Chemist: 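The following block contains the structure, expressed as structure tokens.
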There are 2 protein chains.
Amino acid sequence: MENSLRKELRDLPPSDPAVERLVEETIGRVADKWTMLLIEILTENECCRFGELARACTGISQKMLTQTLRAMERDGLVTRTVYPVVPPKVEYRLTDLGLGLSKAFCGVWLWAEANFGAIEQARKDYAEKQNQK
Amino acid sequence: MENSLRKELRDLPPSDPAVERLVEETIGRVADKWTMLLIEILTENECCRFGELARACTGISQKMLTQTLRAMERDGLVTRTVYPVVPPKVEYRLTDLGLGLSKAFCGVWLWAEANFGAIEQARKDYAEKQNQK
DNA sequence: CCCCATACTCTCTTTTTGGTCAGTATAATT
DNA sequence: AATTATACTGACCAAAAAGAGAGTATGGGG
């Protein structure tokens, strides 16, 4: 309908199936809770140490944090700067690529912010409907 | 910086931590490969039967398809209409909530479409850097 | 001499996820 | 009477993800 972004996307390529698969893979890789959270945190304070991220990212385990950051570094979303001091000091910040993704995610954050209540309601309705049967 | 959407989001609520958690949960729930794919398919042809979705969603197993669709129904993203005929006929379509999410995802699709090459390149560079050490 | 701090890494175990395959209901078709 | 079609459900099993907890390196402070 008036979904111009979607239209824009649809019109761009002749939907090469190989490209499509790559795009899907990319999304599968990037659309993950911790990645999204870390990107948000790094958008708000553009330079963070490991420990800061660990504190800001409530509930994440050290292992997951390391793992997620490594993957993000590998994919060019963040830079990792190691200062050869003791105790160690490592700084993370978004690359331009990461910043672009951050902007792309905005719409989803806003949607979630605006609609989590509706989802909760839908769940209640669904549960009730199930019980009636 | 000039990231107005992000700014908008930041300015909306006084960042209630409980709300924040709910938003994160919502995103964690919704930012999943199959959900995103199904939403895209249902955006393009607004009414689909189970079998059509199975064919359009290459690689998905019946089990995952059922599971994902049920979760989407429970969360109010799609409606499921059962026609009591033989053989069975079930139609799925996006709700307004689902359509909203589809629009929110647009930015991410476009980003992925535009940048999967950059990610691939970043991976190559990273691998090379690792090999040098 | 011992402990602290930081940013990890490694191992072990548990949990979650997802795939495969078999089964179901029943009207229409052969 | 057997087969087909559709949209599932359930059992079982393998693989992957994730948590917990211990270990590591080392300069500076007490």
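Every chain is numbered from 1 and lettered A, B, ... according to where its sequence line falls, protein lines coming before strand lines. All of these numbers come straight from a predicted model, not from anything done at the bench.
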Chemist: Go through the side-chain N and O atoms of A:T35 and A:T68 and say whether any donor and acceptor fall under 3.5 Å apart.
Modeler: no
Chemist: Pull out every residue in residues 49-69 of chain A that has a heavy atom closer than 4.0 Å to any atom of DNA chain C, ordered by number, or say none.
Modeler: A:R49, A:F50, A:G51, A:Q62, A:T66
Chemist: Ignoring hydrogens and geometry, is there a side-chain-to-backbone donor-acceptor pair from B:N115 to B:A118 under 3.5 Å?
Modeler: no
Chemist: Could you check if a side-chain atom of A:E25 sits within less than 4.5 angstrom of a side-chain atom of B:F116, using non-hydrogen atoms only?
Modeler: no
Chemist: Can you check whether A:R70 has a side-chain N or O nearer than 4.0 Å to OP1 or OP2 of C:dA7?
Modeler: no
Chemist: On DNA chain D, reading 5' to 3', which nucleotide is the first and which the last to sit with an atom under 4.0 Å from a heavy atom of chain A, could you check?
Modeler: D:dA18 to D:dG27
Chemist: Within the structure provided, determine whether A:L53 and A:Y92 are in side-chain contact (heavy-atom separation under 4.5 Å).
Modeler: yes
Chemist: For B:R74 and A:Y126, which I'm curious about, is there any donor-acceptor pair between the side chains at under 3.5 Å?
Modeler: no
Chemist: Just call it for B:Y92: base, sugar-phosphate, or nothing, with non-hydrogen atoms closer than 4.0 Å on any strand.
Modeler: sugar-phosphate
Chemist: Please tell me whether B:T79 and B:T95 have a donor and an acceptor in their side chains that are separated by less than 3.5 angstrom.
Modeler: no
Chemist: What I'd like to find out is whether the side chain of A:L101 reaches to under 4.5 Å of the side chain of A:L97, using heavy atoms alone.
Modeler: no
Chemist: Could you tell me if the side chain of A:F50 sits less than 4.5 Å from the side chain of A:L65, heavy atoms only?
Modeler: yes
Chemist: If you define the side chain from C-beta out and look only at heavy atoms, does anything of B:L69 sit under 4.5 Å from B:E73?
Modeler: no
Chemist: Which angle, rounded to 10°, do you find between the first-five-pair axis and the last-five-pair axis of the helix from C:dC1-D:dG30 to C:dT30-D:dA1?
Modeler: 30°
Chemist: Please tell me which of B:R80 and A:V86 maps to the more 5' nucleotide of DNA chain D, matching each residue to the nucleotide holding its nearest heavy atom.
Modeler: B:R80
Chemist: So do the side chains of A:V19 and B:E113 get within less than 4.5 Å of each other, counting heavy atoms only?
Modeler: yes
Chemist: Nearest-Å distance, NZ (B:K33) to C1' (C:dT17)?
Modeler: 13 Å
Chemist: Expressed in angstrom and rounded to an integer, what is the separation of B:K89 atom NZ from C:dA27 atom C1'?
Modeler: 16 Å
Chemist: Quick check against the 3.5 Å criterion: does A:T66 have a side-chain atom that pairs as donor or acceptor with the backbone of A:Q62?
Modeler: yes
